[in-house]
**Q** 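Before anything else, here's the structure in question.
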2 protein chains.
Amino acid sequence: MNIIPSLSIDCVIFGFHEKKLKVLLLEYDKEQLDAPVKNPDAFAPYTETEPDGKFPYEKPIGLPGGHVPVDRSINDYARDILETATGIKDIYLKQLGAFGETERVSFLRVVSVVYYALINPEHYSIRGSSLLKSLEWYDIDKVPELIFDHNAMIEKALKRLREEVQIRPVGFHLLPEMFTLTQLQQLYETVLGIELDTRNFRKKIQKMHLVVDTGKMQTGVAHRAARLFRFDKKVYEMLAEQSFSFRV
Amino acid sequence: MNIIPSLSIDCVIFGFHEKKLKVLLLEYDKEQLDAPVKNPDAFAPYTETEPDGKFPYEKPIGLPGGHVPVDRSINDYARDILETATGIKDIYLKQLGAFGETERVSFLRVVSVVYYALINPEHYSIRGSSLLKSLEWYDIDKVPELIFDHNAMIEKALKRLREEVQIRPVGFHLLPEMFTLTQLQQLYETVLGIELDTRNFRKKIQKMHLVVDTGKMQTGVAHRAARLFRFDKKVYEMLAEQSFSFRV
DNA sequence: TCAAAAGTGTTTGAAATACACCCATGT
DNA sequence: ACATGGGTGTATTTCAAACACTTTTGA
């Protein structure tokens, strides 16, 4: 199976844990660089090398990504990468855009189509498939210098997430199945970088009919247990399509 | 100069004229299909052919586009296409996203990065550079069947424009230098497909300080002449960066 | 009993909506 | 003089913002 040499996919995978927005990064190593040659059907991280065969980074950390096989659509392949990196399916995934500066990869002309994904912290401890051992969550504001233009990709994805979260109720994808209203509020506070008034926030959320009380309560916390909510899939799907104002 | 065979650019160019949203389309013809071979530095419309060298459409109408030269960034090349198609510079241009279904072009695997542009109807009658004779404005709701997945591209661009227009004050790019408030209102009514109350619309617009009275008046109209406004570049630039709510 | 977070209502000001008539211009 | 769109204000309702104390739980 062949890949398209001038086209790659990268995925910005967001998570939310302990009031922090996180991004999943991969430390590439020399063995992995040969992977697509040995196992062309497998997930293929960046494989371009300098003419002398060396990878031009000391400690190459970057977004999970790979070159697009000729027989995979870019959307499908982005999902493949995501599944390989996280080991889970049914992830919220959206295209961010194409990055195509001529020198973005120093030794090869390659355009990268970037996706961003929102994942649920129930899967926080996943470590990806066996192919990818060195996956790690990084605080969004502690991302190190990455390969190529991956820092710019994350910045743009974050900017988009901030916009998206105000237009569509996508924030829920970053929360577990059942969550407290405080968690939801903290999510918005973190993503938007603002503080919200608890009472006003709750009023607004309740009025949207987007969350329903599960009847269950938090357990094992050293303070009053909070109600657990889940979001209403039907209302969500209605609201998710038609862009709507989600000003919190 | 070489092109990247698996990567093309297409531009959805929007215009606004007589209360109608328009899109600029190109009828490709057999001679143009050879153009990049004869003149590789020139604007290169679609050049893929079936194995027998024929183009698989009877009357191939589509978006202006071309294959990316290896030494041009995708953003720069989108701008090249736009300038070739319209003959004007300084156009509002934004990336929409990449289209990458495996079969989107039946005879070749090619991923297209799509841009959308908003142009000012003062340039409405431009007919592009001499290379492109058969450019034509189409009503957005009278677009014929186009080559490849270009209809889907236009649909997606329109959806994005509708969102954009509510978040950023981009609508102004579709108006001439000086415009009446009625024109501005009609623009929003057309793009969003809704009716707006004149008095409320004017109140809201004025309060944004985005338009300033030029002191000039309409002439030659068979009714009371309207004031002409232009939009305030400084305020515009402030508002354009930070996404803001532009609910009209 | 203390610490830590959950949970809850009311008041005030701002913005959104609904709505109808006179004005200026060209034909 | 008439047809066509330009231009304006007020009253009502809805939404956003500000703000403080009591409750529950585990340690």
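Just so we're on the same page: letters track the sequence lines, and every chain starts at 1. All values reported here derive from a predicted model rather than from experimental measurement.
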**Q** Treating B:Tyr28 as the side-chain partner and B:Leu63 as the backbone partner, does any N or O pair qualify as donor plus acceptor under 3.5 Å?
**A**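 Answer holds: yes.
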**Q** Going by heavy atoms closer than 4.0 Å, what residues in residues 176-185 of chain B are next to DNA chain C?
**A**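 Hits under 4.0 Å, by residue number: none.
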**Q** What residue pairs, at least two apart or across chains, pass salt bridge (Lys or Arg N to Asp or Glu O under 4.0 Å) with a residue in residues 210-219 of chain B?
**A**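 Only B:Asp213-B:Arg227 qualify under salt bridge (Lys or Arg N to Asp or Glu O under 4.0 Å).
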**Q** Per the salt bridge (Lys or Arg N to Asp or Glu O under 4.0 Å) rule, what does the pair list look like for residues 183-200 of chain A, sequence neighbours excluded?
**A**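 Residue pairs passing salt bridge (Lys or Arg N to Asp or Glu O under 4.0 Å), neighbours aside: none found.
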**Q** Using heavy-atom distances to pick each residue's nearest nucleotide on DNA chain D, tell me which of A:Lys207 and B:Arg227 is more 5'.
**A**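 In this pair, the answer is B:Arg227.
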**Q** Tell me the interatomic distance from B:Lys203, atom NZ, to C:dT17, atom C1', rounded to whole angstroms.
**A**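 One finds 8 Å between C1' of C:dT17 and NZ of B:Lys203, rounded.
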**Q** Tell me which nucleotide among C:dT17, D:dG6, D:dA20 gets nearest to the side chain of B:Lys204.
**A**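 For the B:Lys204 side chain, the nearest candidate turns out to be C:dT17.
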**Q** Is the closest basic N to carboxylate O distance between B:Lys89 and B:Glu83 below 4.0 Å?
**A**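 Here B:Lys89 pairs with B:Glu83 in a salt bridge, since their nearest N and O are under 4.0 Å apart.
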**Q** Do A:Leu228 and A:Met217 come within less than 4.5 Å of each other through their side chains, counting heavy atoms only?
**A**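 No. Closest side-chain heavy atoms not under 4.5 Å.
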**Q** Quantify the bending of the helix from C:dT1-D:dA27 to C:dT27-D:dA1 as the angle between its end axes, each fitted on five pairs, to 10°.
**A**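 Comparing the axis at each end, I get an angle of 10°.
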**Q** Could you tell me how far apart A:Phe201 (CZ) and D:dA16 (P) are, to the nearest whole angstrom?
**A**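 Rounded to the whole Å, the gap is 13 Å.
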**Q** Rounding to a whole Å, what distance do you find between B:Ile205:CD1 and C:dA16:C1'?
**A**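 Roughly 14 Å, once rounded to whole Å.
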**Q** Could you go through nucleotides 23-27 of chain D and list every protein N or O atom that sits under 3.5 Å from one of its N or O atoms, giving the distance for each pair?
**A**
from: D:dT23; atom 1: O2; to: A:Arg224; atom 2: NH1; distance (Å): 3.0
from: D:dT24; atom 1: O2; to: A:Arg224; atom 2: N; distance (Å): 2.8

**Q** Quick one about A:Thr84 and A:Arg79 (side-chain donor to acceptor, distance below 3.5 Å, no hydrogens or angles considered), yes or no?
**A**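 Short answer, no.
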**Q** Let me know the distance between CG of B:Asn200 and P of D:dA11, rounded to the nearest Å.
**A**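 Taking CG of B:Asn200 and P of D:dA11, I get 15 Å after rounding.
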**Q** Taking side-chain contact (heavy atoms from CB on, under 4.5 Å) as the test, write out the residues that go with A:His209, two or more places apart.
**A**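 Residues passing side-chain contact (heavy atoms from CB on, under 4.5 Å) with A:His209: none at all.
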**Q** Before accepting this row, confirm whether a basic side-chain N of the pair B:Glu163/A:Arg168 lies closer than 4.0 Å to the acidic partner's carboxylate O.
**A**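 Judged by the 4.0 Å cut-off on N to carboxylate O distance, B:Glu163 and A:Arg168 do form a salt bridge.
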**Q** Do B:Asn75 and B:Tyr115 have side-chain atoms, one donor and one acceptor, less than 3.5 Å apart?
**A**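 Side chains of B:Asn75 and B:Tyr115: pair found under 3.5 Å.
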**Q** Examine B:Lys156 relative to B:Phe99 and say whether NZ or CZ is less than 6.0 Å from the centre of the six-membered ring and inside a 45° cone about the ring axis.
**A**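 Cation-pi check for B:Lys156 and B:Phe99: passes.
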**Q** Using atom CG of A:Leu228 as one end and atom P of C:dA6 as the other, report the distance to the nearest whole Å.
**A**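 Going from A:Leu228 (CG) to C:dA6 (P), I get 11 Å.
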**Q** Rounded off to whole Å, could you give me the CG-to-P distance for the A:Asp197 and C:dG13 pair?
**A**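 My rounded result for the distance is 18 Å.
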**Q** Which part of the nucleic acid, if any, lies within reach of A:Arg202 when heavy atoms closer than 4.0 Å are counted: base, sugar-phosphate only, or nothing?
**A**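 Base contact.
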**Q** Under a 3.5 Å cutoff, is there a donor and acceptor pairing between the side chains of B:Tyr116 and B:Gln95?
**A**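 Their side chains do not contain a donor-acceptor pair, so the 3.5 Å distance test is not met.
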**Q** Tell me: CD of B:Glu195 to P of C:dT17, nearest whole Å?
**A**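 Computing the B:Glu195:CD to C:dT17:P distance gives 14 Å.
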**Q** How close or far is atom C1' of C:dT17 from atom CG of B:Leu196, stated in whole angstroms?
**A**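 Spelled out: CG on B:Leu196 to C1' on C:dT17 is 12 Å.
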